[in-house]
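Notes to accompany the following structure.
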Amino acid sequence: MLNPQQSFVGPLLAWHEENGRHRLPWREPGRSAFEILIAEILLQRTTAASVSGAYLPIVARYPSPETVVAASPEAIERRIAPLGLAKRAEFIRRTSQQLIARHSGDVPRRYADLLELHGVGDYTARSVLIHAFDEDIAAVDTNVRRLISRFFDLPPDSEVLPHLADALAPSRRGSDFQHAMLDFAADVCTARTPQCETCPFGEHCRSSERAV
DNA sequence: AAATCGGGGGA
DNA sequence: TCCCCAGATTT
């Protein structure tokens, strides 16, 4: 019985290197913490494919909290409306106000400070820490929950799942690991018809014996 | 704890 | 048509 680093993390990172969605615009090196925060808010309950079309014009027009606050709320909402959940325009506006008032316009590096931002919950706060500040932790969204619960044969609502995901995050590769879990769950370990036949985990997946 | 927000895409 | 999507806020 291999340990999870050998049976899960290693193959997952290898799969990601070959098959990951590396061209998504918010993953480009050099993105500011604010641009990453905006991406994570736009990605809430919204497919990466959908956000990828709208992201570049938005961060080009609103690259900083100051530019958000200076703009009209209606103009921001018009750009977000095609993605659904249009109240996220107000989330972004209020969060930008908070960043200016309490953090000198910068994105804070502390989890507790991030959580206080309007529109930022546990997942988004962790995502910013992972992708903007290189923390080796994990963020459990619907994709990661599905992947981990299947691979380790745990109930999807298990409370150990976030702790397990954190423990699996490899040193200095938290961002790659998070992207790998998201991409693999979106492309192979999908919600409806997972591609178990071609899954690189094979029988290491503890759900592989059974219909998933 | 449950309701609500939401348009877009895949099966 | 139904289900799902890098969740969080409100009730």
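Naming: A, B, ... by sequence-line order, numbering from 1 per chain.
- Scanning for salt bridge (Lys or Arg N to Asp or Glu O under 4.0 Å) contacts around A:D183 gives A:R21, A:R27, with sequence neighbours left out.
- Taking the six-membered ring for Trp and the full ring otherwise, A:F151 and A:F184 have centroids separated by 6.0 Å or more.
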Sequence-aligned protein contact record of nucleotides 3-11 of chain C, with B where the base is within under 4.0 Å of a protein heavy atom and S where only the sugar-phosphate is = BSBBBSSS-
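- With sequence neighbours excluded, no residue forms a side-chain contact (heavy atoms from CB on, under 4.5 Å) with A:E17.
- On the nucleic acid side, DNA chain B has its first and last nucleotide under 4.0 Å of a heavy atom of chain A at B:dC5 to B:dG10, going 5' to 3'.
- With respect to the salt-bridge test (charged N to carboxylate O, under 4.0 angstrom), the residues A:D141 and A:R126 do not qualify.
- Spacing of C1' atoms, B:dG8 relative to C:dT9, comes out at 23 Å, to the nearest Å.
- Spacing between B:dT4 and C:dA6 at atom P, rounded to whole Å, works out to 24 Å.
- Remark: A:E90 does not engage A:K87 in a salt bridge, criterion side-chain N to carboxylate O under 4.0 Å.
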Given side chain to side chain contact (heavy atoms under 4.5 Å, CB included), test A:T95 with A:Q98 step by step and report yes or no.
-> CA-CA 5 Å; A:T95 275; A:Q98 289 177 281; 4.1 Å; yes
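- Distance check, rounded to the nearest 0.5 Å: CG of A:D113 to NE2 of A:H103 gives 4.5 Å.
- Counting any heavy atom pair closer than 4.0 Å across all strands shown, A:A86 reaches sugar-phosphate atoms only and no base atom.
- Relative orientation of the A:F201 and A:F8 rings is parallel, given thresholds of 30° and 60° on the angle between their planes.
- Base pairing in DNA chain B yields stems of at least 3 consecutive Watson-Crick or G-U pairs, both distances under 3.5 Å, namely B:1-5 with C:7-11, B:7-11 with C:1-5.
- Under the 4.5 Å side-chain heavy-atom criterion for grouping Ile, Leu, Val, Met, Phe, Trp and Tyr, A:V120 is connected to A:V68 within one hydrophobic cluster.
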Please tabulate, for side-chain N and O atoms in residues 154-164 of chain A, each donor-acceptor pair with protein atoms closer than 3.5 Å (sequence neighbours left out).
unit_1, atom_1, unit_2, atom_2, d
A:S158, OG, A:V160, N, 3.2
A:H163, ND1, A:E159, O, 3.3

